[in-house]
Amino acid sequence: MKYRTLKPFPPGFLWGASTSAYQVEGAWNEDGKGPSVIDVMPSHPEGTTDFTVASDHYHRFAEDVALFSELGLTAYRFSIAWTRIIPDGDGEINAAGVAFYHRLIDALVAAGIEPIVTMYHFDLPAALDAKGGWVNRATVDAFARFSEVLFAEYGDKVTYWLTINEQNMMILYGEAIGTIKAGMPKSAIYQANHHMMLAQAKATNLCHDLVPHGLIGPAPNIALCYPATCHPEDVLAADDFNAIRNWLYTDMAVLGRYNSVAWAYLEELGATPEIAEGDLELLASARPDFLAFNYYASHAVARPSGTESDVAGGDQQIAVGEAGVYAGVTNEYLPKTEFGWEIDPVGFRNTFRALWDRYHLPLLVTENGLGAFDKLEDGQVHDGYRIDYLRDHIEQIQWAISDGVDVLGYSPWSAIDLVSTHQGAAKRYGFVYVNREEFDLLDLARYRKDSFAWYAKVIASQGADLS
Ligand code: BGP
């Protein structure tokens, strides 16, 4: 439906940008930080760097916050590295790590930028991983304790909390992301999933108990799945994949129960988790204040052809297929990025509508953006392709608002260039260019891209000027 008059962005709309600790900070072993699973990853995809220096934000955060302030951000989403706060995950608290995030948060608040804190973004402490990671139920309590430390330290300065980033991607594409080891059985993976859901529920309840003004929600990657055709079995496959990829996570987080189609899928796999006494009550008791989500593109799937393997394959935005369940297909109506991810701004509006209809909770966009091989020439980066991507998506937020969806804010990926989850430093997303190459760190100097000036204008005009 096209409206003649689009509703404006509401007052107080959060104009943000996002990063995550391990992708931007560097300083992986400084000031008492313990190693995370990302730091001890045995190998990185060929031709890509590790995360040891990343964008050196740990040492340059003050300069970076000054740039965010110049950009006009009213919010900044970042994650706290569990291993800076509690180096082995469940032992001593590291005062130097705690102090770093105080400095960062204080700098943001002083600049009038609302901090949005992700408590856990892929970087599980390696010491917990050695004890079984999320498959080990003890990790639930370790996370709950970590969350209590965060609420006690930063609760008076931070209102917006995100529990777990892209739990669904860690479960479905954990091998591409580096959070799950090859060959791990599905039963163990979905036991880990159950434990993450318990951890999230505990943290949600603790936030409500300990941070009077705190607002907390999950941050899954939500991509609406379209049927490849109107063949009823394609529609069924899309419905199945929506349940397995999206609703399993959001139904649990928001409604406090397992999605029945996803549960049936787990039964079929022989991968239903062990549920201990009290688990279901805990899960039902935790209610988020908002639903955050990361959106890059929609998916399209067909009924399985019989040639799919029983491992999902692909990455966050490329669904390959799974035997007996669905076959990922290319959506012929959509262009692709240089990295093969489809571009579907209207799918953004479709996704807003689906989430709003299902839950009627305020929605916060915590990632959306375009990865590209940007080029620095004479101190400039002409990333008009990124401006086009962001403009087209921001327009669709306004359509969604006009549809009646309650949207709290937009925090695209990424505030500044950082190292991609699995495709190296040359895949860039930032408004600010970081002068390094894949392996050569150069001088790590910061340069404003064309998208920087454009987004500054969008924010200054409250989204009225997208030109
Ligand atoms: C999301 C992750 C981010 C970020 C982003 C872009 O899945 O939450 O950490 O990396 O995707 O993905 P990539 O880096 O693979 O291009």
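Values below: every heavy atom of this structure, side chains too, minus hydrogens, waters and symmetry copies. Just follow the structure's listing: the first ligand is 1, and inside any ligand the first atom is 1.
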Q: Can you run down the ring-ring contact (aromatic ring centres under 6.0 Å, His included) pairs that involve residues 433-452, sequence neighbours left out, and say none if there aren't any?
A: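 Residue pairs passing ring-ring contact (aromatic ring centres under 6.0 Å, His included), neighbours aside: none found.
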Q. In Å, rounded to the nearest 0.5 Å, how long is the span from CD1 of I116 to OG of S18?
A.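 OG of S18 is found 7.0 Å from CD1 of I116.
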Q) Among pairs that include at least one residue of residues 56-66, which meet salt bridge (charged side-chain N to carboxylate O under 4.0 Å, His left out), considering only residues two or more places apart or in two chains? A)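 Found D56-R60, D64-R446.
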Q: Please work out whether the ring planes of Y154 and Y101 are parallel, tilted or perpendicular, with thresholds of 30° and 60°.
A: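 Perpendicular: the ring planes of Y154 and Y101 meet at over 60°.
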Q: Compile the protein residues with any heavy atom at a distance under 4.0 Å from an atom of ligand 1; present them by chain, then by number.
A: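 For ligand 1, the residues that come within the 4.0 Å heavy-atom cutoff are Q23, H121, F122, N165, E166, N294, Y296, Q316, W341, E367, W413, S420, T421, H422, K427, Y429.
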Q: Mind running ring-ring contact (aromatic ring centres under 6.0 Å, His included) on Y226 and H299 for me, showing each step along the way?
A: CA-CA 6 Å; Y226 303 147; H299 281 309; 9.6 Å; no
Q | Of all pairs that satisfy side-chain hydrogen bond (donor to acceptor under 3.5 Å, both in side chains), the ones with a partner from residues 360-373, not counting sequence neighbours | A |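 For residues 360-373, and leaving out neighbouring residues, the side-chain hydrogen bond (donor to acceptor under 3.5 Å, both in side chains) pairs sorted by first residue read R77-E367, N294-T366, N294-E367, Y296-E367, N368-Y389, N368-Y410.
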